[in-house]
Novice: 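Here it is, the structure in full.
Proteins come first, then strands; the chains are lettered A, B, ... in the order of their sequence lines, and each starts at number 1. Just so we're clear, the structure is a prediction, and the values are computed from it rather than from any experiment.
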Amino acid sequence: MPEKPTLDGLEDRWARVWEDEGTYAFDRTATREQVYSVDTPPPTVSGSLHVGHVFSYTHTDIVARFQRMRGKHVFYPMGWDDNGLPTERRVQNFYGVRCEPSLPYDPDFTPPEKPGKQQVPISRKNFVELCETLTAEDEKAFEELWRRNGLSVDWSHGYQTIDARARAISQRAFLRNVERGQAYVSMAPTLWDVTFRTAVAQAELEDREHTGAWHRVAYHGADSSGHDADVFIETTRPELIPACVALIAHPDDERYQPLFGTTVRSPLFDVEVPVLAHPAAEMDRGAGIAMCCTFGDLTDVQWWRELDLPNRTVINRDGRLLRETPDWITSELGRQRYEELAGATVHTAKERIVAMLTETGELVGDVRPVTRPVKFFEKGDKPLEIVSSRQWYIRNGGRDATVRDEMIARGQELQWHPGYMRHRYEDWVRGLNGDWLVSRQRFFGVPVPVWYRLDADGEVLPDEVLTPSDDTLPVDPSTDLPPGFTADQRDVPGGFTGDRDILDTWATSSLTPQIAGLWSIDDDLFSRVFPMDLRPQGHDIIRTWLFSTVLRSHLEHDSLPWAHTALSGWILDPDRKKMSKSKGNVVTPMDLLVEFGSDAVRYWAASGRPGVDTAFDRGQMKVGRRLAMKLLNASKFILGVGVPAGEPDLTAVTMPLDRALLARLTEVVEKATTALDGYDYAVALEATEQFFWFFCDDYLELVKSRAYGEFDEAGRDSARATLAAALRVLQRLFAPVLPFVAEEVWSWWQEGSVHCAPWPDIHELATSAEADPQVLEVASDVIGSIRRAKSEQKLSIRTEVESLSVQAAPAALEALRAALADVRAAGRVRDVELVVSADGELVTTVGAPTG
RNA sequence: GGGCGCGUAGCUCAGCGGAAGAGCAACGGCCUUACAAGCCGUCGGUCGCAGGUUCGAAUCCUGCCGCGCCCA
């Protein structure tokens, strides 16, 4: 035990010991029942860790430490998410390269010293290698931070979402979905981001207010008597007029009923289109009759499907109009006009069309600005287009009521902390409107592990999907060969071609329990950890990560991936805004850990209720530091008084005050245990902390003299045994939240790590005789009154008190009498008078303190 | 527009059907042989607003107002 205890240096010292001793090593001989397994969220390594990470990962660590102390073998791995756009961009910028899957692997490739102006195209395999090199550095920094933060992770069970095992597991799970018909390939209208040139899934969409304008445009028809009659529609996207396939109004709309079944000709291009009825047309929107184009929005897709309309796509995947004039435009004038638009961006095409319409007089009245919600890719900055493309999907219940019901049932089976978060899941499942699009037209990621046969003309035969044999996974179809084919058959008529797409990052992240547990690679390990116990995560990714993980597990294992999920809140800055880099209010976590000490920062994290957004509060960290310091000092004091070694002997606890103390502590143990069992670390900490300050300020002061041996031997031994027993319990109760200081003070007098010591049991403080809690209450009350009297008279706490009179009910006086020697010693009281009061009220009169 | 959550002391938050709480801050004190990075004490609230249920409401119900998140 050091002369002057300090918090400085505890992190380095104990982190090293824990690593050397293997304190948190997972015992893989443990059976599933003995294991507590955590599906740790793999942080994105290309970003930087912020305070929010420290906050939520600390919550998980507290639970893991608690479970370990309860005797579980904790499987607590750490993964790194380096699969996806953020890493792709970072590798591109850092090395000045770009991924080009058609290129062959170059084993001797070294990136340029400094990234040049032109990005060097390299094969996917080379790109993945660079990613692994670059992220290795990031991961080292992350690991250092996590170790300093005190996460009790077993670092030998790590993974990266782009490493070979993760790729193999991701591809294997996907191929098994294909085999069972749960994944399928389909040519369909797809939401498309023209900047990233990739398809986008429902989970990646967001609506943004976008400024547009209503254009009133004339289509040309004939009235019942055959005379020319114009039909006016209103559109915000006049550039889609060449893609128009029908005009559509509501079946009940009397204005347009005469037109249903007739045809009209489009302005400028003179293409004949039918006028049709469909209930999705909104009577009070615009003119009440809409132009259906392939495809302007999702309603167009619905009409196209349900009314069996032709596909007249004019917008390319680069966001420009087709360079070839479409064959459905037949009039000479129409084809001339289209040529002026060919290859133009959507924006330019709109300007030109509006100019043409103005010239021909087919644009009527003023253009009226309107702001309306438009779908965007969450990472993009241009509105999404809808294009037809071949894509892979996984059935998720979006088009299948049975699967949807099963997914809702899984959500009900899962235990949510806090419980109300389940609503978000159910809302999402109920709102799904299509299957999960998992193929992405990006270059970096887990390749879609299939090839396609080519026909005699070299065209893809999408129904003839070639799959790899399981033992060759992971594969990259752009360089590996399908079984039974040779390299010279690649991309030639009658041969094959590899799928160039990659899987959505969530298609891999949805398998983190399988990746961490090494499903299909080490099935023995997997059987010991799966289904897992806990998925901790942010509530913002319930619809993506949580949902997709439940789905994959449901499809592959017919079970939940984990029994519990704990949703953590966000960190808000003092202005109640979510902390973000752009606001410049991000604090580096390492700086905080250094400034306050890891235990103090963890204390702040633990004071945030599960699922509740929490203010970033340096004040709480100061309080945490004080608490850690207090635990050092109180431990030092108690051990300095001299407590018996080994297991505390509770038969020595004979004084009523001591028994009452242990009884109260037992209640705290019970409360903390129940709270932690329910994932409420905040309540557990609060109960422990509140008791601890009371223990230090009142109980320690009361028994100090007796513990020093100033009275009789029995009283001294009772106090010392109580102090030892209470300290042993308190150090363990604090261990999950304050692992460093708890380990430090434990090491002063106990064997082994406090983190492997058994969690306090409610029976371990039971004394031979029943405790009277009133003894502690009254003694505490009276000593408080004495302090108040001294404080009000601005006297030293050491001032002697001439006389003390206590009026109270007989039972209270009896209780006080049991602790009177302690009270007198602590208050420095000479004479005491106990008076039975008429009303039972406790009244303490402190007479004449003398300086 | 829908779902969910939140409005309690100057600040951060507990309490969620039986006399309004904690910590921080503020203020006044105390060198007290574990701790002055400590300790003791004091001040401080129409529990967002309006109704309702109840013997009793911060707590349950309804409606408003405000804030946040998720989804349209």
Novice: Quick one: label A:W604 by what it contacts on the DNA or RNA (base, sugar-phosphate, nothing), any heavy atom closer than 4.0 Å.
Specialist: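 Nothing: the residue A:W604, judged by heavy atoms under 4.0 Å, touches no strand.
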
Novice: Within this structure, what is the CG-to-P distance between A:L702 and B:rA34, rounded to whole angstrom?
Specialist: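 Computing the A:L702:CG to B:rA34:P distance gives 15 Å.
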
Novice: A:E710 has an atom CD; how far is it from atom C1' of B:rU33, in whole Å?
Specialist: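 The answer, rounded to whole Å, is 11 Å.
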
Novice: Return yes when atom CD of A:Q690 has more than 12 non-hydrogen atoms of other residues, nucleotides or ligands closer than 6.0 Å, and no otherwise.
Specialist: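 No, CD of A:Q690 has 12 or fewer neighbouring heavy atoms, counting only those of other groups under 6.0 Å.
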
Novice: Can you tell me how far P in B:rA58 sits from the matching atom in B:rA50, rounded to whole Å?
Specialist: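 That atom pair is separated by 13 Å.
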
Novice: Check whether the side chains of A:H417 and A:H564 place a donor and an acceptor atom closer than 3.5 Å, and report yes or no.
Specialist: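 Yes, side-chain donor-acceptor contact under 3.5 Å.
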
Novice: Under 6.0 Å from the ring centre and within 45 degrees of the ring axis: does the NZ or CZ of A:R625 meet both conditions for the six-membered ring of A:W604?
Specialist: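 Here A:R625 fails the 6.0 Å and 45° test against A:W604.
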
Novice: What is the base-pairing partner of B:rU33, counting Watson-Crick and G-U wobble geometry with both distances under 3.5 Å?
Specialist: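 WC or wobble partner does not exist here.
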
Novice: If the cut-off is 4.0 Å, is A:K4 near the phosphate of B:rA34, judged by side-chain N/O to OP1 or OP2?
Specialist: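 The answer is no; no side-chain N or O of A:K4 sits under 4.0 Å from OP1 or OP2.
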
Novice: State the NZ-OG1 distance between A:K794 and A:T799, to the nearest 0.5 angstrom.
Specialist: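 That separation rounds to 14.0 Å.
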
Novice: Without decimals, in angstroms, what is the distance between A:K622 NZ and B:rU12 C1'?
Specialist: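 So the two atoms are 14 Å apart, to the nearest Å.
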
Novice: Is there a Watson-Crick or G-U wobble partner for B:rG63 with both distances under 3.5 Å, and which nucleotide is it?
Specialist: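 With both distances under 3.5 Å, B:rG63 matches B:rC49.
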
Novice: Tell me if the centroids of the rings in A:F376 and A:H210 come within less than 6.0 Å of each other.
Specialist: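 Yes: the rings meet the under 6.0 Å criterion.
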
Novice: Select from A:R625 and A:H423 the residue whose nearest nucleotide in RNA chain B is closer to the 5' end of that strand.
Specialist: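 Result of the comparison: A:H423.
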
Novice: Measure from OH on A:Y681 to C1' on B:rC13 and round the result to the nearest Å.
Specialist: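 To the nearest whole Å, that distance equals 14 Å.
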
Novice: Taking the side chain of A:R788 as heavy atoms from C-beta outward, which of B:rC39, B:rG41, B:rA34 is closest to it?
Specialist: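 Between B:rC39, B:rG41, B:rA34, the one nearest the side chain of A:R788 would be B:rG41.
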
Novice: Taking B:rA14 as the reference, what is the distance to B:rC6 when you measure between their C1' atoms (whole Å, please)?
Specialist: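 Roughly 14 Å separates the two C1' atoms.
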
Novice: Take atom C1' in B:rG21 and the same atom in B:rG15, then report the distance between them in whole Å.
Specialist: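 7 Å, rounded to whole Å.
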
Novice: Taking pairing as Watson-Crick or G-U wobble with both contacts under 3.5 Å, can you name the mate of B:rG21, or confirm there isn't one?
Specialist: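 Here B:rG21 is engaged in a pair, and the nucleotide opposite it is B:rC13.
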
Novice: Taking atom C1' of B:rA37 as reference, at what distance in whole Å does atom CD of A:E595 sit?
Specialist: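 The distance from CD of A:E595 to C1' of B:rA37 comes to 13 Å, rounded to the nearest Å.
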
Novice: Could you check whether the rings of A:H53 and A:H50 sit parallel, tilted or perpendicular, using 30° and 60° as the cut-offs?
Specialist: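 Tilted: the ring planes of A:H53 and A:H50 meet at 30° to 60°.
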
Novice: Applying the Watson-Crick and G-U wobble criteria at under 3.5 Å, what pairs with B:rA58? Answer none if nothing qualifies.
Specialist: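 Answer to the pairing question: none, since B:rA58 forms no Watson-Crick or G-U pair.
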
Novice: If I pick the P atom on B:rU12 and the same atom on B:rG41, what distance separates them, to the nearest angstrom?
Specialist: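 Looking at atom P only, B:rG41 and B:rU12 are 26 Å apart.
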
Novice: Using the C1' atom in both, what is the distance from B:rC60 to B:rC55, to the nearest Å?
Specialist: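 My reading of the C1' atoms in B:rC60 and B:rC55 gives 16 Å.
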
Novice: When rounded to the nearest 0.5 angstrom, what is the spacing between CD1 in A:I786 and OG in A:S791?
Specialist: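 Rounded to the nearest 0.5 Å, the CD1-OG separation comes out at 13.5 Å.
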
Novice: CZ of A:F694 versus C1' of B:rA22: gap in Å, rounded?
Specialist: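 Taking atom C1' of B:rA22 as the reference, CZ of A:F694 is at 16 Å.
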
Novice: Do A:P610 and A:Y681 come close enough that some side-chain heavy atom pair is under 4.5 Å?
Specialist: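 Yes; the side chains approach each other to less than 4.5 Å.
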
Novice: Considering just the side-chain nitrogens and oxygens of A:K630, establish if one lies under 4.0 Å of OP1 or OP2 belonging to B:rC39.
Specialist: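 Affirmative; the distance criterion is met.
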
Novice: Roughly, in whole Å, what's the span from CD in A:Q690 to C1' in B:rG21?
Specialist: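 Taking atom C1' of B:rG21 as the reference, CD of A:Q690 is at 10 Å.
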
Novice: Under 4.0 Å: is that the gap between some side-chain N or O of A:R424 and OP1 or OP2 of B:rC71?
Specialist: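 For B:rC71, OP1/OP2 do not have a side-chain N/O of A:R424 under 4.0 Å.
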
Novice: Could you say whether A:D427 or A:I638 is positioned toward the 5' end of RNA chain B, judged by the nucleotide with the nearest heavy atom to each?
Specialist: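 It is A:D427, whose closest nucleotide lies nearer the 5' terminus.
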
Novice: The side chain of A:A615 is closest to which nucleotide in this list: B:rA14, B:rA34, B:rU12?
Specialist: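 Among the listed nucleotides, the one closest to the side chain of A:A615 is B:rU12.
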
Novice: Quantified in whole Å, what is the C1' atom distance between nucleotide B:rA22 and nucleotide B:rU8?
Specialist: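 To the nearest whole Å, 12 Å.
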
Novice: May I have the distance from A:D781 (atom CG) to B:rC40 (atom P), rounded to whole angstrom?
Specialist: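 Interatomic distance, CG of A:D781 to P of B:rC40: 15 Å.
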
Novice: How does protein contact run along nucleotides 23-30 of chain B, one letter per nucleotide 5' to 3', with B for base contact, S for sugar-phosphate only, - for none, heavy atoms under 4.0 Å?
Specialist: SS---BSS

Novice: Write down the distance separating the C1' atoms in B:rA20 and B:rA9, rounded off to the nearest Å.
Specialist: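 B:rA20 and B:rA9 have their C1' atoms separated by 10 Å.
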
Novice: Checking contacts here: which listed nucleotide (B:rG68, B:rC71, B:rC35) is nearest the side-chain heavy atoms of A:D613?
Specialist: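 Out of B:rG68, B:rC71, B:rC35, the nucleotide with an atom closest to A:D613's side chain is B:rG68.
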
Novice: Between B:rG23 and B:rU59, how many Å separate the two P atoms, rounded to a whole number?
Specialist: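 Comparing P positions in B:rG23 and B:rU59 gives a spacing of 25 Å.
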
Novice: Would you kindly check if the NZ (Lys) or CZ (Arg) of A:R664 is within the cone defined by 45 degrees around the ring axis of A:F694 and under 6.0 Å from the six-membered ring centre?
Specialist: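 Because its charged atom sits under 6.0 Å from the ring centre and within 45° of the axis, A:R664 does stack over A:F694.
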
Novice: Determine the contact category for A:E701: base if any of its heavy atoms lies under 4.0 Å from a base atom, sugar-phosphate if only primed atoms, P, OP1 or OP2 are that close, otherwise nothing.
Specialist: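 Result for A:E701 = base.
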
Novice: Find the partner of B:rG41: check Watson-Crick (N1-N3 plus N6-O4 or O6-N4) and G-U wobble (N1-O2, O6-N3) distances, both under 3.5 Å, and reply none if neither fits.
Specialist: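 Looking at the geometry, B:rG41 pairs with B:rC27.
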
Novice: Paired with B:rC69: which nucleotide, if any, by Watson-Crick or G-U wobble criteria at under 3.5 Å for both distances?
Specialist: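 Checking every strand shown, B:rC69 finds its partner in B:rG3, with both distances under 3.5 Å.
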
Novice: Looking at the rings of A:W570 and A:F55, which for Trp means the six-membered one, are their centres under 6.0 Å apart?
Specialist: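 No, the ring centres sit 6.0 Å or more apart.
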
Novice: Does B:rC69 have OP1 or OP2 under 4.0 Å away from a side-chain N or O of A:Y420?
Specialist: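 No, outside the criterion.
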
